[in-house]
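Residue numbers begin at 1 in each chain, while the letters A, B, ... track the order of the sequences. When reading the values below, keep in mind they use all heavy atoms of this one structure, side chains included, and skip hydrogens, waters and symmetry mates.
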Number of protein chains: 2
Amino acid sequence: MSSLTNNELDAPPWLRVESTLMSTARLIREAFDARLKPLDLNLTQASLLAYVAEFGATTQTQLADQLGTGRAAMGTVVDGLEKRDLVERHPDPDDRRVWRIDVTDAGRTLASDIARVDEVLRAELRHGIGREERQALSWVLTRLQVNLQSAINT
Amino acid sequence: MSSLTNNELDAPPWLRVESTLMSTARLIREAFDARLKPLDLNLTQASLLAYVAEFGATTQTQLADQLGTGRAAMGTVVDGLEKRDLVERHPDPDDRRVWRIDVTDAGRTLASDIARVDEVLRAELRHGIGREERQALSWVLTRLQVNLQSAINT
DNA sequence: GCATGATTGTATGACGTCGTACAGTATGTG
DNA sequence: CACATACTGTACGACGTCATACAATCATGC
């Protein structure tokens, strides 16, 4: 326990919880990427696929907002998945500017694989962490986000 | 409260706390970058400068470990700071492979500015979050990191 | 109907980070 | 001493993301 790989306990005195949080986020991405590697997907691609499989045809801007990345970046992600026939771009009958991104059959089966990977990994991540602790974590995080937002807009 | 900018409460059902955590990490970087912008530094550069100012001449590998980035990337960061005369590379008398990175006088005064920015921002981030909550957060995060590490090494 | 402004997706260039490979150097073993 | 192994910093290419600018399209006002 005392021998994490340090770098969080004796981290620079400024940046304490914050740096732990950021390195944790990095590890999360790393862990998901590792588990998704057999599917030849990274976390961003998998998120997109899972989201579309769950909620149906979606606009790219909407996807960008949901997955927390820019519209431009989202475009290239969609390009990649489209080239692999996992998603399709359909024109929107009501708005000729937008594409509605929908998942193909191949994408849908892959999405269920993703869901399985996700479920397994998240179960592992819960080891030794109680439900109340997770809820407390979630609460503090959202509260932190509020503070961060107002700090950024200042 | 219910109108964050969503994207965490109605996030894809898979990835819940995890995605909140990652977006929080992004916001942290964003907030620090914004506050450090007047100093013409980003969070990575500021971290490096603050660390060296605090702990004295340091090896690049050591810095990479501490700041959680690769050695190669650390090299370019040092390059940039060296070009602005904020740090210096001194040869190590005992090991001719390594550079000991030390802070210049200019870098030291800038480091105190960084410390001030850091102190102010972190005080803002604590609003509405009690000490026990912060400690609980820290505990859950390190526990999560343990789980993540063993998940990655599998 | 038509101008004005807002929004969508894309192209482009830039940045930060990563992974790998490499030469130089140190450390340990015979 | 010679040799193998480990480690440090760097060069290089690749990737993912971002910011900006842009054309196409929609929405709103008159």
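Just one residue in the list B/Arg89, B/Arg71, B/Arg100 forms a side chain to side chain donor-acceptor pair (under 3.5 Å) with B/Gln60, and that residue is B/Arg89.
B/Leu41 has its CG atom 16 Å from the P atom of C/dC15, to the nearest Å. Atom pair B/Arg71:CZ and D/dA11:P shows a separation of 14 Å (rounding to whole Å applied). Nucleotide D/dG9 holds its C1' atom 14 Å from the CG atom of B/Leu48, rounded to whole Å. One atom, CG of B/Asn42, and another, C1' of D/dT17, lie 15 Å apart when rounded to the nearest Å. Atom CZ in B/Arg29 sits roughly 10 Å away from atom P in C/dG16 (whole-Å rounding). Put simply, CG on A/Leu43 is 14 Å from C1' on D/dT17, counting in whole angstrom units. In this entry the distance linking CD of A/Glu30 with P of D/dC15 reads 19 Å, nearest Å. Between the P atom of C/dA11 and the CE atom of A/Met74 lies a distance of 16 Å, rounded to the nearest Å.
Ion pairing between a basic and an acidic side chain is recognised when a charged N comes within 4.0 Å of a carboxylate O; B/Asp118 and B/Arg122 show such pairing. Ion pairing between a basic and an acidic side chain is recognised when a charged N comes within 4.0 Å of a carboxylate O; B/Arg35 and B/Glu30 show no such pairing. Using a cut-off of 4.0 Å between Lys/Arg side-chain N and Asp/Glu carboxylate O, A/Arg29 and B/Glu18 are scored as not salt-bridged.
For C/dT8, neither phosphate oxygen OP1 nor OP2 lies less than 4.0 angstrom from any side-chain nitrogen or oxygen of A/Gln62.
For B/Ser23 (side chain) and B/Ser19 (main-chain N/O), a donor-acceptor pair under 3.5 Å exists by modelled atom type. Without hydrogens or angle criteria, A/Thr59 side chain to A/Gln62 main chain gives no donor-acceptor distance under 3.5 Å.
Across D/dT17, C/dG19, C/dT17, the shortest atom-to-atom separation from the side chain of A/Thr69 is found for D/dT17. With D/dG9, C/dG9, C/dT17 as the choices, the nucleotide that has an atom nearest any side-chain atom of B/Ala73 turns out to be C/dT17. Listed nucleotides D/dT17, C/dT20, C/dG9 differ in distance to A/Thr44; the shortest reach to its side chain belongs to D/dT17.
Between the side chains of A/Gln145 and B/Thr24, at least one donor N or O sits under 3.5 Å from an acceptor N or O.
Other residues, nucleotides and ligands contribute over 12 non-hydrogen atoms within 6.0 Å of the NE2 atom of A/His90.
One end of the helix from C/dG1-D/dC30 to C/dG30-D/dC1 points its axis 20° away from the other end's axis, with each axis taken from 5 pairs and the angle rounded to 10°.
Near DNA chain C, meaning a heavy atom under 4.0 Å from it, residues 77-101 of chain B has B/Asp95, B/Arg96, B/Arg97 in order of number.
Screening residues 104-115 of chain A for salt bridge (charged side-chain N to carboxylate O under 4.0 Å, His left out) gives A/Asp113-A/Arg116 as the qualifying pairs, with residues at least two apart or on separate chains.
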